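Step one of this worksheet: look at the structure below.
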Protein chains: 2
Amino acid sequence: MKSAQQSVFKALADPTRRSILKVLQKGSLTAGDIALKFPMTRASLSHHFNVLKVADLVRTERRGQHIVYSLNTTVFQEMTQMLMELFASDAEDNERSKPQ
Amino acid sequence: MKSAQQSVFKALADPTRRSILKVLQKGSLTAGDIALKFPMTRASLSHHFNVLKVADLVRTERRGQHIVYSLNTTVFQEMTQMLMELFASDAEDNERSKPQ
DNA sequence: TATATATTTAGACAAATATCTAAATAAATG
DNA sequence: CATTTATTTAGATATTTGTCTAAATATATA
């Protein structure tokens with residue numbers, strides 16, 4: 001089971017994804033427009049978009065042929081709260097029996 | 001080249017490490033005391049400690065046989081600032097030439 | 001100094017991740 | 001309806017990561 005918290009931290013762990021978020025701060029963009037700004041294939045970027053979507057850090061909207069990516073506007077609040085809660089329970093994943 | 005920002009986000013991406021930080025919030029502990037709280041070997045934990053140290057999220061002090069781990073007290077300020085700067089330049093790593 | 005305790009380091013390995021190319025899907029337009 | 005453009009999906013691969021066991025290092029103490 002993957003907590004929302006975990007998916008957000010994972011998403012933020014990659015510099016390309018943080019950079020995508022930064023770009024989107026200036027305004028929503030289509031996948032293609034974002035792609036112009038990054039030195040990798042659209043397929044690779046699509047993977048990153050998906051990670052950001054799973055973490056609910058971005059939202060999408062189809063506009064004709066294009067898909068427009070936007071920052072989830074609650075992202076900062078969420079992240080701030082997440083920091084406050086950084087140290088709240090999030091390690092249920094570790095509930096295994098002790099080895100050795 | 002790995003920015004300080006990158007090392008912090010990477011460090012926070014693992015739930016065990018976030019949990020270690022949470023534990024240390026309540027007060028400094030020796031590596032052994034921390035180990036009592038986690039279902040993995042001390043070797044594995046030592047690896048996590050090292051990631052946290054590289055990110056400067058924890059500090060260490062030897063006390064006799066023991067090594068005491070403490071939260072770097074500036075951690076919250078740093079993380080808050082990091083959030084503010086989340087969208088400032090951090091993708092120098094991506095400066096490659098465009099494929100295809 | 002020998003032994004016990006605490007912690008880290010080294011090396012191996014499986015799982016996860018980031019990237020690629022090629023193919024598939026979706027919408028617009030001639 | 002065929003073609004073009006936009007984006008995603010599928011599958012492959014190299015790298016990174018989290019974990020383990022075993023060995024090494026450091027300190028304390030009999």
Side-chain angles (χ1 to χ4, degrees), chain A residues 1-3 6-20 24 28-55 58-70 90-91 93-100, chain B residues 1-3 6-20 24 28-55 58-70 90-91 93-100:
Chain A
M1 203 153 303
K2 194 159 190 171
S3 70
Q6 177 58 18
S7 66
V8 172
F9 279 111
K10 279 285 184 170
L12 295 176
D14 183 86
T16 296
R17 289 193 290 265
R18 292 199 303 282
S19 198
I20 290 169
L24 289 178
S28 302
L29 286 177
T30 67
D33 285 343
I34 297 172
L36 293 174
K37 300 171 176 287
F38 291 86
M40 66 186 61
T41 65
R42 280 143 201 265
S44 296
L45 282 169
S46 190
H47 157 72
H48 287 304
F49 295 156
N50 198 52
V51 174
L52 291 169
K53 270 199 287 194
V54 166
V58 301
R59 296 282 170 77
T60 61
E61 174 199 353
R62 178 172 278 280
R63 205 170 295 170
Q65 268 172 301
H66 301 271
I67 300 205
V68 179
Y69 280 84
S70 315
D90 179 49
D93 310 65
N94 290 330
E95 304 292 336
R96 297 186 287 108
S97 57
K98 185 97 178 177
Q100 103 175 342
Chain B
M1 204 152 299
K2 194 159 191 170
S3 70
Q6 177 58 18
S7 66
V8 172
F9 279 110
K10 278 285 182 166
L12 295 176
D14 183 86
T16 296
R17 288 192 292 265
R18 292 199 302 280
S19 197
I20 291 169
L24 290 178
S28 302
L29 286 177
T30 68
D33 285 342
I34 297 171
L36 293 174
K37 300 172 177 285
F38 291 87
M40 67 185 62
T41 64
R42 281 144 200 267
S44 297
L45 282 169
S46 189
H47 157 72
H48 287 305
F49 296 156
N50 198 52
V51 174
L52 291 169
K53 270 199 287 194
V54 166
V58 301
R59 296 282 168 77
T60 61
E61 173 199 356
R62 179 172 278 279
R63 206 171 292 171
Q65 270 171 300
H66 300 270
I67 300 207
V68 180
Y69 280 85
S70 315
D90 179 49
D93 310 66
N94 289 329
E95 304 292 336
R96 297 187 284 107
S97 57
K98 184 98 179 177
Q100 106 177 345

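Below, chain A is the first sequence line, B the second, and so on; all start at residue 1. Just so it is clear, the structure is predicted and the values come from calculations on it, not from any experiment.
- Rounded to an integer number of Å, the gap from I34(B) CD1 to dT8(C) C1' is 14 Å.
- Heavy-atom distances to DNA chain D give each of G64(B) and V68(A) a nearest nucleotide, and the one nearer the 5′ end belongs to V68(A).
- Counting any heavy atom pair closer than 4.0 Å across all strands shown, A43(B) reaches a base atom.
- Remark: P of dA10(C) and CG of N50(B) are 11 Å apart, rounded to the nearest angstrom.
- Atom CZ of F49(B) and atom CD1 of I34(B) lie 4.0 Å apart (nearest 0.5 Å).
- In this structure, a donor-acceptor pair under 3.5 Å is present between the side chains of S44(B) and T41(B).
- Side chains of V68(A) and L29(A) form no contact here, defined as non-hydrogen atoms less than 4.5 Å apart.
- Regarding K10(A), its NZ atom lies at a distance of 10 Å from the C1' atom of dA15(C), rounded to whole Å.
- Residue-level contact check: R63(B) touches neither bases nor backbone, having no heavy atom under 4.0 Å from any strand.
- Rounded to a whole Å, the CG atom of L45(A) is 8 Å from the P atom of dT19(C).
- As judged by a 4.0 angstrom heavy-atom cut-off over every strand, H66(A) is placed among residues touching the sugar-phosphate backbone only.
- Between T41(A) and the phosphate of dT19(C), there is no side-chain N or O to OP1/OP2 separation shorter than 4.0 Å.
- The CD1-C1' distance, from I20(A) to dA18(C), rounds to 12 Å in whole Å.
- Both S44(A) and K53(B) lie near DNA chain C, and the one whose nearest nucleotide falls closer to the 5' end is K53(B).
- Y69(A) has a side-chain polar atom (N or O) that falls below the 4.0 Å cut-off from OP1 or OP2 of dT8(D).
- Distance, F49(B) CZ to dT8(C) P: 7 Å, rounded to whole Å.
- Here D14(B) lies in heavy-atom contact (under 4.0 Å) with sugar-phosphate atoms only.
- In the set dT7(C), dA18(C), dA6(D), dA18(C) carries the atom at the smallest distance from any side-chain atom of H47(A).
- Computed from coordinates, the D33(B) CG to dT5(C) P distance equals 16 Å when rounded to whole Å.
- Comparing dT8(D), dT8(C), dA6(D) by their closest approach to the side chain of Q65(A) singles out dA6(D).
- Between T30(A) and dA6(D) there is no side-chain polar atom (N or O) within less than 4.0 angstrom of OP1 or OP2.
- A salt bridge links E61(A) to R63(A): one of the charged nitrogens lies within less than 4.0 Å of a carboxylate oxygen.
- The side-chain heavy atoms of V51(B) and K10(B), taken from C-beta on, include no pair separated by under 4.5 Å.
- The side chain of R17(A) contributes an N or O atom lying less than 4.0 Å from OP1 or OP2 of dA18(C).
- Comparing atom distances between the H48(B) side chain and each of dT8(D), dT19(C), dG18(D) picks out dG18(D) as nearest.
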